[in-house]
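Here the structure comes first, spelled out in structure tokens, and everything after it is commentary.
As the structure lists them, so they are numbered: ligands from 1, and atoms in each ligand from 1. From a predicted model like this one, the values you see are computed outputs, not experimental measurements.
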Amino acid sequence: MSLTFDPDTIPLPVGHFIGGELIPVEGGIEMRRPSDGKSYTDCPVASPDLVERAVDSAKATLKASNWGGVRPRERTRVLQAWADLIEADAATLAQIEALSSTRPVGQLVAGDIAITAEQIRFFAEFADKEGSELAPTDDASLGMIMSEPYGVVGAITPWNFPISMAGWKLGPALAAGNAVVLKPSEMTPFSAIYLAQLAVRAGLPAGLINVVLGDGPTTGTALTGHPEIAKVSFTGSTRAGSAIMENVARTGVKPMTLELGGKSPQLVFADADLDKAASAIAGSVTFNAGQACVAGTRLIVEKSVADRLAAAILEKMKAARPGPTWDATTQYSPIISERQRARIDSIVRAAVAAGGECLTGGAVMDSPGYFYEPTLIANVDQANPAIVEEIFGPVLTIQTFGSEEEALALSSHPTYGLASGLFTSDLSRTIRFARKLEAGTVWVNRYSRSRDHILPTGGYKRSGIGKDLGREAYLANRRTKSVLISL
Ligand code: NAD
């Protein structure tokens with residue numbers, strides 16, 4: 001069965017999801033489809049009162065269901081049933097997602113959705129495997145390091161991979177025994193509602209996931225500042241991450257996980273497999289049209305192979321064909337909004353004005369929707385806007401080096417340290433660079449995640465605090481209490 005669908009026929013769950021009920025709302029922020037620019041509905045904006053209602057519902061459900069105190073394997077069972085339903089209903093979920101977002105329906109079913117189901121299972125398995133510890137004390141005492149859930153976690157997610165990002169927040173928080181109030185991006189909110197509806201169908205107590213729709217200033221601020229939100233888990237821009245820290249500092253101290261922006265380098269040495277490197281590098285800036293936090297947007301290549309590598313990358317970039325996200329054959333995504341596309345274009349123009357040379361691209365695409373040409377910019381120094389700014393679009397820069405020291409110096413970014421790529425066949429150099437690169441992830445001779453969900457992801461510098469995925473993400477949703485008993 002083809003996954004291609006007619007975008008005018010898809011029913012959307014427009015409203016907030018509280019206590020297991022969809023609360024329909026009319027009006028809000030106008031939404032346009034990235035693939036053709038057509039206005040199709042409004043995103044409701046939850047008021048602080050509504051956020052309060054969602055938090056109250058989460059708290060009451062936690063108490064009534066004793067979710068944090070049930071046999072841990074019961075949490076595993078329910079979350080696995082949820083993962084099964086997500087897979088079984090992948091086509092509907094994919095249509096809701098593809099309509100609003102930049103994710104092509106063909107990539108969603110086998111990619112984002114299948115991986116999200118797998119990651120929920122991965123986190124579900126921690127529920128009965130990570131717990132409290134006995135501390136080494138003298139014979140006259142018993143010391144315990146008790147592990148407990150926080151209570152209600154406030155989660156906020158971006159628009160670039162809406163289902164995956166919701167899964168990264170919900171999976172570990174629920175497995176660890178918490179309830180969650182989730183605010184998805186106002187540009188792609190409906191797949192989160194559908195995910196929450198599936199969770200209730202799978203047997204998760206209604207009210208354990210509440211989803212409030214809205215923007216950052218109104219709904220997001222009310223959520224992160226709510227006194228009953230015990231922990232904040234955020235993925236988005238460094239700018240919004242700073243605003244959240246400020247709000248949390250003003251309204252009450254609480255722990256935060258912040259997964260923020262990036263401007264990741266890819267270093268290529270002359271001894272690398274250049275064909276493999278070209279595919280990985282071009283793929284990382286054309287996948288989702290470069291709208292990925294870890295996109296490897298700064299190519300730093302050894303001088304002797306720079307022309308050869310650039311030619312191979314250019315060929316792949318030029319092959320990108322735009323298509324609507326509801327066409328199952330589409331590989332190249334639109335940009336999320338007209339505004340974001342204009343921002344990409346203005347940074348590219350500023351980069352050229354500062355001396356950069358566009359080897360390909362550098363313009364909006366002549367097609368319906370918000371597409372932007374895959375763009376490769378040469379002749380850029382460290383102060384060039386295309387090097388400094390997180391563009392969040394299909395724009396790659398190319399710089400060359402003559403020595404390892406030079407490569408390392410170019411790779412360092414003043415603001416970001418999210419991910420990095422290294423292409424070389426020299427093992428000793430691999431280890432040297434893995435130690436020295438200032439980033440939370442180093443990919444060697446590849447530039448993508450695998451399905452090894454045990455590897456945590458997160459940033460150095462202003463790319464964030466804490467980790468998603470891995471054991472660390474589960475533990476970040478538990479807090480510890482020291483208990484010392486005199487015997
Ligand atoms: P954004 O920061 O504009 O918005 C992200 C979310 O935060 C949205 O839900 C938004 O409504 C909300 N928000 C904005 N201001 C807020 C505030 N003051 N208080 C509370 N909530 C607020 O980011 P975006 O444009 O949706 O996504 C792109 C950004 O996300 C990029 O910078 C990208 O690098 C980053 N990102 C990071 C990761 C990671 O794992 N590090 C993953 C995906 C995206």
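- Below 3.5 Å of separation, one finds an N or O of E186 facing an N or O of ligand 1.
- Listed by number with element, the atoms of ligand 1 under 4.0 Å from a non-hydrogen atom of K183 are 8 (C), 9 (O), 10 (C), 11 (O).
- Distance from atom 15 (N) of ligand 1 to its nearest protein heavy atom, with residue and atom name: A240 CB, 3.6 Å.
- Neither the backbone nor the side chain of N247 comes within 4.0 Å of ligand 1, counting heavy atoms alone.
- Ranked by closest heavy atom to atom 24 (P) of ligand 1, the top entry among F161, W159, Y416 is W159.
- There is no side-chain donor-acceptor pair under 3.5 Å between Q197 and R201.
- Here atom 17 (C) of ligand 1 lies nearest to G216 when heavy atoms of G241, G216, G440 are compared.
- For E390, every heavy-atom contact with ligand 1 shorter than 4.0 Å involves the side chain, none the backbone.
- Proximity of R239 to ligand 1, defined as any heavy-atom pair under 4.0 Å, is confined to the side chain (atoms from C-beta onward).
- Screening R478, E130, R479 against S147 for a side chain to side chain contact (heavy atoms under 4.5 Å, CB included) leaves a single residue, R478.
- The shortest N or O to N or O distance between T157 and ligand 1 is under 3.5 Å.
- Ranking the protein heavy atoms by distance from atom 19 (N) of ligand 1 puts I244 CG1, 3.5 Å first.
- Within a 6.0 Å radius of CD in E26, other residues, nucleotides and ligands contribute 12 heavy atoms or fewer.
- For atom 33 (C) of ligand 1, the nearest non-hydrogen atom of the protein is F392 CE1, 3.3 Å.
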Open item on the list: Using side chain to side chain contact (heavy atoms under 4.5 Å, CB included), reason through V268 and I281 one step at a time and then give a plain yes or no.
Closed with: CA-CA 10 Å; V268 183; I281 293 162; 3.6 Å; yes
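- Checking side-chain atoms of N178 against main-chain N and O of A173 turns up a donor-acceptor pair under 3.5 Å.
- You'll find the side chain of L299 stays beyond 4.5 Å of the side chain of Q399, heavy atoms only.
- In summary, the atoms of ligand 1 found under 4.0 Å from a heavy atom of A243, numbered by their order in the structure, are 18 (N).
- At a heavy-atom cutoff of 4.0 Å, ligand 1 is contacted by the side chain of L418 but not by its backbone.
- By the 4.0 Å heavy-atom criterion, G458 is excluded from the residues contacting ligand 1.
- By the 6.0 Å contact criterion, OH on Y40 is enclosed, its count of non-hydrogen atoms from other residues, nucleotides or ligands being greater than 12.
- Under the 4.0 Å distance rule, the nearest protein heavy atom to atom 27 (O) of ligand 1 falls inside the cut-off.
- Within the structure, the closest approach of N160 to ligand 1 falls below 4.0 Å when heavy atoms are considered.
- Relative to atom 2 (O) of ligand 1, the option among P217, G236, A192, S237 with the closest non-hydrogen atom is S237.
- The side chain to side chain contact (heavy atoms under 4.5 Å, CB included) with I156 is formed by just one residue from the set L223, L258, T235; it is L223.
- For F123 and W168, the distance between ring centers is not under 6.0 angstrom.
- Judged by distance alone, the side chains of S39 and R32 never bring a donor and an acceptor atom under 3.5 Å apart.
- Close approach of ligand 1 to P184 is summarised as follows: ligand atoms under 4.0 Å from at least one heavy atom of the residue are 9 (O).
- Among protein heavy atoms, atom 21 (N) of ligand 1 sits closest to I156 CD1, 3.5 Å.
- With a 4.0 Å heavy-atom cut-off, ligand 1 is reached by the backbone of C293 and by its side chain too.
- Atoms of ligand 1 lying under 4.0 Å from at least one heavy atom of L260, given by number and element, are 34 (O), 37 (C), 38 (C), 39 (C), 41 (N).
- In terms of the side chain to side chain donor-acceptor pair (under 3.5 Å) criterion, N384 has no residue partners (sequence neighbours excluded).
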